[in-house]
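Atoms within a ligand are numbered from 1 in the order they appear, just like the ligands themselves. Model, not experiment: these values are computed from the prediction.
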Amino acid sequence: MQEVLPEGAVIRKLWIGETEKYREHVLRLDPVSRRNRFAGTVSDEFIRNYVDLTGALDAIVHGFFIGETMRGAAELRPLGLRFPRQAEAAISVEKSWQSHGVGSALLGRTLLAARNRGFRLLHMACLAENQRMQQLARKFDAELSFDFGGVVGEVESSRPTALSLMREMMSDSHGFATAMLDLQTRMLRA
Ligand SMILES: CC(C)(COP(=O)(O)OP(=O)(O)OC[C@H]1O[C@@H](n2cnc3c(N)ncnc32)[C@H](O)[C@@H]1OP(=O)(O)O)[C@@H](O)C(=O)NCCC(=O)NCCS
């Protein structure tokens, strides 16, 4: 699926040491988006602990960046050794950036990362009233099967191929180049 992003925006994997940007993004979510993101009402403290845990687990976080600020995120959390082919996926986009194609681009990257790591089943906590997330998931139903019958949706992903690995590698190298350019510009300005 073709990614359409707002001008000047970048989606890239989060680096070690960027957890704070992720935490700030999640804390900035408006109350409705926060509730939808966690399938229930959660406190700031819960979010701080949740993001700390993400840093400690083998999670892959893609960030949607406008300059240095993270305005959207997609997280892929492996369920661990007992369920080696399963992971939890979750997406969040700050309100002013919603309905600009960001969620679609983030979900696309996450599904590709899941596929390339051999995750066959993804769980997504999604409230029944969260039509937007379900609409978004339906956009990918040519390659995946979704079941949002309960609060936790299940996503079956396809097997990795040389092409899917190449697609992830290419988007990583693009994200890395953009981040380096950004760093260089800031250093020159300083
Ligand atoms: C759900 C969420 C991730 C979607 O992100 P987004 O950036 O708004 O999504 P997109 O702009 O890519 O839109 C995806 C699809 O949602 C639907 N959609 C977009 N805006 C919509 C709106 N205002 N009302 C209803 N449906 C809408 C459309 O079908 C759209 O696809 P299309 O533009 O090709 O028609 C975002 O709204 C969000 O962060 N919500 C709060 C957290 C959350 O619900 N997370 C999901 C739980 S894991």
Side-chain angles (χ1 to χ4, degrees), residues 1-14 21-44 46-51 53-54 57 59-67 69-79 83 86-115 117 119 121-157 167 171 175:
M1 189 176 290
Q2 178 91 23
E3 272 184 11
V4 185
L5 288 180
E7 211 181 306
V10 172
I11 289 184
R12 64 169 174 82
K13 286 193 184 115
L14 219 62
K21 293 185 181 176
Y22 183 30
R23 194 185 345 265
E24 284 168 4
H25 154 65
V26 185
L27 285 169
R28 267 195 305 269
L29 290 174
D30 65 281
V32 175
S33 298
R34 185 191 279 208
R35 183 168 178 273
N36 281 333
R37 164 61 180 79
F38 291 97
T41 307
V42 296
S43 65
D44 286 3
F46 175 93
I47 289 177
R48 288 195 189 93
N49 292 334
Y50 178 91
V51 174
L53 194 61
T54 300
L57 295 171
I60 295 170
V61 180
H62 281 94
F64 162 72
F65 285 89
I66 299 287
T69 313
M70 190 168 170
R71 298 288 183 188
E75 181 172 338
L76 184 68
R77 266 187 189 202
L79 289 196
F83 305 98
Q86 298 187 35
E88 188 192 333
I91 306 187
S92 50
V93 179
E94 287 176 37
K95 200 172 166 69
S96 43
W97 295 99
Q98 290 176 6
S99 304
H100 286 82
V102 179
S104 305
L106 284 169
L107 183 58
R109 297 281 186 110
T110 297
L111 294 178
L112 183 63
R115 177 180 183 177
R117 281 153 193 78
F119 292 122
L121 199 59
L122 302 188
H123 301 271
M124 286 183 113
C126 182
L127 295 172
E129 72 247 31
N130 193 351
Q131 290 301 320
R132 193 183 286 207
M133 184 60 226
Q134 291 168 36
Q135 277 291 114
L136 166 51
R138 269 185 218 117
K139 288 175 69 176
F140 291 82
D141 68 1
E143 8 172 347
L144 298 148
S145 75
F146 292 91
D147 175 7
F148 282 114
V151 174
V152 177
E154 290 191 344
V155 177
E156 269 179 63
S157 121
R167 274 173 54 208
S171 51

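Inspection of the Ser33 and Lys95 side chains reveals no N or O donor paired with an N or O acceptor under 3.5 Å. Residues Ser92 and Glu75 have side chains that never bring a donor and an acceptor to within less than 3.5 angstrom of each other.
Taking all atoms of both residues into account, the shortest heavy-atom contact from Cys126 to Gln134 is SG-NE2, 3.8 Å. For the pair Met124 and Ala89, the tightest heavy-atom approach, listed with the atom from each and the gap, is CG-O, 3.4 Å. Between Val102 and Leu5, the shortest heavy-atom contact is CA-CD2, 4.5 Å.
Every protein residue with a heavy atom nearer than 4.0 Å to ligand 1 is included here: Ser33, Asn36, Arg37, Ala90, Ile91, Ser92, Val93, Gln98, Ser99, His100, Gly101, Val102, Gly103, Ser104, Ala125, Asn130, Arg132, Met133, Gln135, Leu136, Lys139.
The salt bridge (charged side-chain N to carboxylate O under 4.0 Å, His left out) test applied to Asp44 returns Arg34, not counting sequence neighbours.
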